[in-house]
Every structure is written in structure tokens, then in C-alpha cells.
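What follows is a short report on a single structure.
The model shown is predicted, which means the values in this text are computed figures rather than measured ones.
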Amino acid sequence: MPQAPREAHRGALGSMRPAFRLLLEVLDARFRRGETNAVVAVVHIASEYGPLLVWERVLGHAADPVRLPAAVGGDGSAWGDFEDRECPHTKPEKSAARRVLTVAHENNAGWRAYLDRQHSNTAQALSVCATSCHRRCSVYSRLDPRRAEQITHGCRLAATLTDSAVVRLRHSAPVGHGFGVPSRRELLDAWSRTRASLAKQAPAIATDDGYPLPGFPTLISTLAGTPSPRTPSSPTPPPPSPAP
């Protein structure tokens, strides 16, 4: 993540795709080590930022606060408007929505605080715009019909993951995160139920691919609108060793 608003390299604000490729590698490694709580944590991160992977397809970036105001502000927009009672955003989502419009003009500490605490709420606000808003302000209505349909489908998939059995494992601990570590069987059973729900919307997720959580890479590629990525279980062969 850029540590200042005008940093040249935009990192995961420019595109979430490299971050999600890394998440796939991390999940694979953690699963093979038997670190199931870490696997659930990775899935939880994917669920929080999945809507940004979807919206990147039309925004050209991952809700970068420097560029996002041009896509969500202006006439006919209810984005970040606390007075608009028709907007279904929650208070945390509205707070993040309003903050993202101005945080690029704050100092570096304010910028980092937004990224730490509110960028995931901005992601969820965008998801609500695509899936459960009946008013359809200009944030969504400015999209052409084909793009709007793609964004709605992707955000519904992301919302299904957020509300899924496998993500609930993250919140099932009796005293905060990190306690009540699930067994491998519990993890796989929860993913199996989650996968079945996801596959109702995107049947390709039901295809086995050799990944520890089968179909998870296909879910990510579907959100991104890209071909299924090469999974860590079938890596690119290393180049031959140089001749002595």
C-alpha cells in the first residue's frame, strides 16, 4: 500500500490482482503446514476485499482514494451522504464513503489511518451499491448495462463468501480471534458448504482443480473477470540448471 497519498507506486490501490495471487500462495502454504486458523484468516481477507477485485474491472483501480471520487461523486450520487435515508449503507460504510472522498488531501498519518481502518468498509459500501441498493444512485446507474450486470454478479458472489460457513469460522472463537482453531475436517466441511452456495451462482467453482480449498482460485478469477490462475499446487517448472 502506498504510505502517502501522492506516492507514485499505487500498489494494491492500483490493482488488487497481485495481492490476491499472493493470498492464493499463502493459503496453499498455510494449509499444507496445518495452520487452519491462518487459512481462515486468508479467506476472511479475501471476503473483505473481494468487492474491490470486482469493481476494479470498471474503475481501473482498487478504489484508490486519489481516483475514486471521480467515479462515485457528482450529481445524482448519494455516496457518503448521511442525510440520505434511502441509501442502504450502514453508518461505518457511510463514514468510509465520505472519508474516501477527501483523504487524499490529508496528511500521511490520516491517509494510513484510513487504509488501516476504513478501506475495507469502502469495499463493502461498493458491494452494497451493486447488490442491495433499490435507489440506484449515479454510483451504479452511470455504468452501462453490461458492466452493471457483471459488477452485480461479482459482488453477489463476494457477498456470499462474506456470509459463508467458512468465514463464520473466523468469528466463532469464544474470546476474540485466534481461539477455537478449527480442525482440518471442520475447515473442509465449512468450505464444502460454502463452495456449494457459490457454485449455484458460478458453476465453474464446483470443478476440482487440485487446490487445498477446491474451487477457491476459480472464485477469485471469477471476481476479477480473468481466466483461472495457475494454482500453487501446479507451479511453473523451474528453469534448467546451467551447464557446469
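For the pair Asp28 and Arg32, the salt-bridge criterion is met [side-chain N within less than 4.0 Å of a carboxylate O].
Seen from the ring of Phe216, Arg195 does not count as a face-on cation partner, given the 6.0 Å and 45° thresholds.
Put simply, the side chain of Thr152 never gets that close to the backbone of Glu149: no donor and acceptor are under 3.5 Å apart. Between the Ser138 side chain and the Gly74 main chain, no donor and acceptor come within less than 3.5 Å of each other. Using a distance-only test at 3.5 Å, with no hydrogens or angles considered, no donor-acceptor pair links the side chain of Arg146 to the main chain of Leu143. Side-chain atoms of Ser47 come within 3.5 Å of backbone atoms of His44 as a donor-acceptor pair (strictly under, hydrogens ignored). The backbone N or O of Arg147 lies less than 3.5 Å from no partner atom in the side chain of Gln150, so there is not a single donor-acceptor pair. Between the Arg142 side chain and the Ala71 main chain, a donor and an acceptor come within less than 3.5 Å of each other.
Between Phe31 and Arg184, the shortest heavy-atom contact is O-NH2, 2.8 Å.
The shortest distance between side-chain heavy atoms of Thr207 and Thr218 does not fall below 4.5 Å. Looking at Trp191 and Ser164, their side chains never come closer than 4.5 Å, going by heavy atoms from C-beta outward.
Rounded to the nearest 0.5 Å, atoms SG (Cys87) and NE2 (His134) are 12.0 Å apart.
For Trp79 and His89, the gap between ring centers is short of 6.0 Å.
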Return a table of donor-acceptor pairs under 3.5 angstrom between the side chains of residues 153-161 and protein atoms on other chains or two or more places apart.
unit_1: His153; atom_1: NE2; unit_2: Gln201; atom_2: O; d: 3.1
unit_1: Thr160; atom_1: OG1; unit_2: Arg156; atom_2: O; d: 2.9
unit_1: Thr160; atom_1: OG1; unit_2: Gln201; atom_2: NE2; d: 2.7

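Atom CD of Glu83 has 12 or fewer neighbouring heavy atoms from other residues, nucleotides or ligands inside a 6.0 Å radius.
Scored by the ring-ring contact (aromatic ring centres under 6.0 Å, His included) test, Tyr140 finds no partners at all (sequence neighbours excluded).
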